[in-house]
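I have placed the structure first, in the form of structure tokens, so that the comments after it can refer back to it.
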Amino acid sequence: MAVEAPQSASQYILHHLTNNAQGSGFWTVHIDTLAVSGLVGALAFGLLYLVARGATSGVPAGLQNFVEMVVELVDTSVKGVFHGHNPLVAPLALTIFVWVFLMNAMDLLPVDLLPKLLGDQGVHYFKSVPTTDPNLTFAMSLSVFGLMIYYSFKVKGTRGYVHEVMSAPFGPKLAPVNVVFRIIEDAAKPLSLALRLFGNMYAGEMVFILIALLPYPVQWLLGAPWAIFHILIITLQAYIFMMLTIVYLSMAHESH
Amino acid sequence: MDINATLLGQAITFAILVWFTMRFVWPPLTRAMAERAKKIADGLAAAEKGRHDLELAENRVKAVLREGHQKAQEAVAYAQKRADEMVEEAKASARVEAERLIASAHDQIAQEIQQAREALQREVGRLALAGAEQVLLREVDAVAHKAFLDKLAARL
């Protein structure tokens, strides 16, 4: 339970769903989101760096085996969908998969663990799952969206891209309709990408918080099955985010 | 759901992580994996080549063995033939030697017969002369009649 000892259930829930915000207006920053995602990213990619630096082409041992398994999964996914030549796409996909997976996995920590520990240190609001913050999911999806636009221009050229926007899918005669369709289609991509991840993780976290409201002796009855099921969800969401990124970038590289 | 500057911070973190992965994580790992794949492919190819070489060597060994076997058989056959020839030669030379020995024995026998006959003749002649001497003790002058007696002895 939190330091300020909110007594009612709704206060407890609200407390758990409030970011540690500093600043005001647009220039507010969520320290918890930035800190957890940054820390998780630094740990995960620092570890990956160590493995990559010591990577042997001989018989791989232990951690290298596991890392290679992940790399292989990402590489196969990229090769299966993306047929252009772009050295960015595969590392991007790996980053998304590993990072999103680990941030999602923060959900499996007991909901009160980090808030309680940090509460004892005087930090009173703490959301420990960064992917339940739409700022993070939109940051990623908008970055991917930016790359989509960038590569569309780069690969097809301005003329080619404009032509594609004007003429697909109904032909050049219905250019205004095509443009409207295209705007809706393209706007839907980052929106769905961000909201899908956010919604899933937010809902999952919410269920954990609700389970935490139950009396201690019966918490495991619901908590254990949901946590096990959640392992599937966090992996699936990380995978979906990665796959859709690859697909969107692939579409940016191919003319219709 | 409030969107604020956190988004910018997250975008920067994301960009840094992607750059880091692209620069330091992905290339060494994929390089190591590609190298391993190549090593394994090379190893398999080498194994295949080794198997092929072994097959060739086995064939060569078989050919050499066959040749050796054939040569040995030829040598045995030659030795057999040579031995037969030597036996035949030995038999022939033995036969010749035997014939020679027989012939020389015959000669010797004939010679001895001749000598015996001559001795006998001389003895007979002497006996006859002695007989005649006994008979004609006074009348025969051994010196005077020696030529006659020798002629008689040679005729006997």
Side-chain angles (χ1 to χ4, degrees), chain A residues 19 21 23-34 37-38 41-42 44-49 51-60 64 67-68 70-72 74-75 87-88 90-96 98-99 130 133-140 142-144 146-147 195 198 202, chain B residues 1-70:
Chain A
N19 281 109
S24 60
F26 176 76
W27 293 106
T28 310
V29 286
H30 295 162
I31 301 293
D32 44 8
T33 304
L34 284 171
S37 66
F45 290 92
L47 195 66
L48 280 179
Y49 170 67
V51 171
R53 203 181 54 175
T56 165
S57 60
V59 180
Q64 195 192 338
V67 170
E68 281 188 7
V70 177
V71 169
E72 189 92 50
V74 173
D75 202 32
L88 174 75
L92 174 72
L94 179 68
T95 312
I96 289 173
V98 172
W99 200 31
D133 185 348
N135 281 301
L136 182 141
T137 59
F138 271 107
M140 291 182 79
L142 288 175
S143 301
V144 171
L147 287 173
L195 290 179
F198 164 70
Y202 192 84
Chain B
M1 202 169 97
D2 43 349
I3 295 296
N4 53 37
T6 313
L7 191 146
L8 298 178
Q10 284 301 331
I12 293 166
T13 313
F14 184 45
I16 291 170
L17 288 181
V18 171
W19 170 81
F20 183 82
T21 310
M22 197 174 152
R23 179 84 179 72
F24 296 110
V25 175
W26 188 264
L29 278 173
T30 47
R31 204 182 308 124
M33 288 162 77
E35 259 173 40
R36 181 174 324 117
K38 191 179 173 301
K39 265 190 196 173
I40 291 171
D42 287 353
L44 286 175
E48 184 61 32
K49 190 178 171 296
R51 217 166 54 80
H52 187 239
D53 284 355
L54 179 66
E55 219 168 85
L56 286 181
E58 269 175 359
N59 285 344
R60 209 160 48 232
V61 165
K62 267 184 206 156
V64 167
L65 274 178
R66 212 168 27 239
E67 200 183 326
H69 195 239
Q70 200 179 333

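Small disclaimer: the values here were computed from a predicted structure and weren't measured. Note on naming: letters A, B, ... go to the chains in the order of the sequence lines (proteins, then strands), and numbering restarts at 1 for each one. Every heavy atom of this structure was used, including side-chain atoms; hydrogens, water molecules and symmetry mates were not.
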*Intermediate values then yes/no, side-chain contact (heavy atoms from CB on, under 4.5 Å), B:Val25 and A:Thr95*: CA-CA 10 Å; B:Val25 175; A:Thr95 312; over 6 Å; no
*Do B:Gln10 and A:Thr137 pass the side-chain contact (heavy atoms from CB on, under 4.5 Å) test, and can you show the C-alpha distance, the side-chain angles, and the key distance before you say yes or no?*
CA-CA 9 Å; B:Gln10 284 301 331; A:Thr137 59; over 6 Å; no
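The two residues A:Ala52 and B:Pro28 make their nearest non-hydrogen contact at O-CB, 3.3 Å. In terms of heavy atoms, A:Gly58 sits closest to B:Lys39 at N-NZ, 4.1 Å. In terms of heavy atoms, A:Phe45 sits closest to B:Phe20 at O-CE2, 3.3 Å. Counting all heavy atoms, side chain and backbone alike, B:Leu7 lies closest to A:Ala139 at O-CB, 3.3 Å.
For the atom pair OG1 (B:Thr30) and CD (A:Glu72), the distance works out to 11.0 Å, reported to the nearest 0.5 Å. Between B:Arg36 atom CZ and A:Thr56 atom OG1 the span is 7.0 Å, to the nearest 0.5 Å. The line from CG of A:Asn135 to OG1 of B:Thr6 is 4.5 Å long, rounded to the nearest 0.5 Å. Between atom CD1 of residue B:Ile12 and atom OG of residue A:Ser143 there is a gap of 10.0 Å, rounded to the nearest 0.5 Å.
If you measure heavy-atom distances from A:Trp27 to chain B, the contacts under 4.5 Å come from both the backbone and the side chain. For B:Phe14, the parts sitting under 4.5 Å from any heavy atom of chain A are the backbone and the side chain alike. Contacts between A:Thr33 and chain B at a heavy-atom distance below 4.5 Å involve backbone atoms as well as side-chain atoms. With a 4.5 angstrom heavy-atom cutoff, B:Leu8 touches chain A only via side-chain atoms. Within the 4.5 angstrom heavy-atom criterion, no atom of A:Val98 approaches chain B. For chain B, no part of A:Asn19 is nearby; none of its heavy atoms comes within less than 4.5 Å. Residue contact with chain B, scored on non-hydrogen atoms closer than 4.5 Å, involves the side chain of A:Gln64 exclusively. Contact annotation for A:Leu142: only side-chain heavy atoms (C-beta onward) come within less than 4.5 Å of a heavy atom of chain B.
Interface remark: of the candidates A:Val74, A:Leu48, A:Leu34, A:Leu34 forms the most heavy-atom pairs closer than 4.5 Å to chain B. Interface remark: of the candidates A:Ile31, A:Leu92, A:Val59, A:Leu92 forms the most heavy-atom pairs closer than 4.5 Å to chain B.
The closest donor-acceptor contact from the side chain of B:Thr13 to the backbone of A:Gly38 lies at 3.5 Å or more, if one exists at all.
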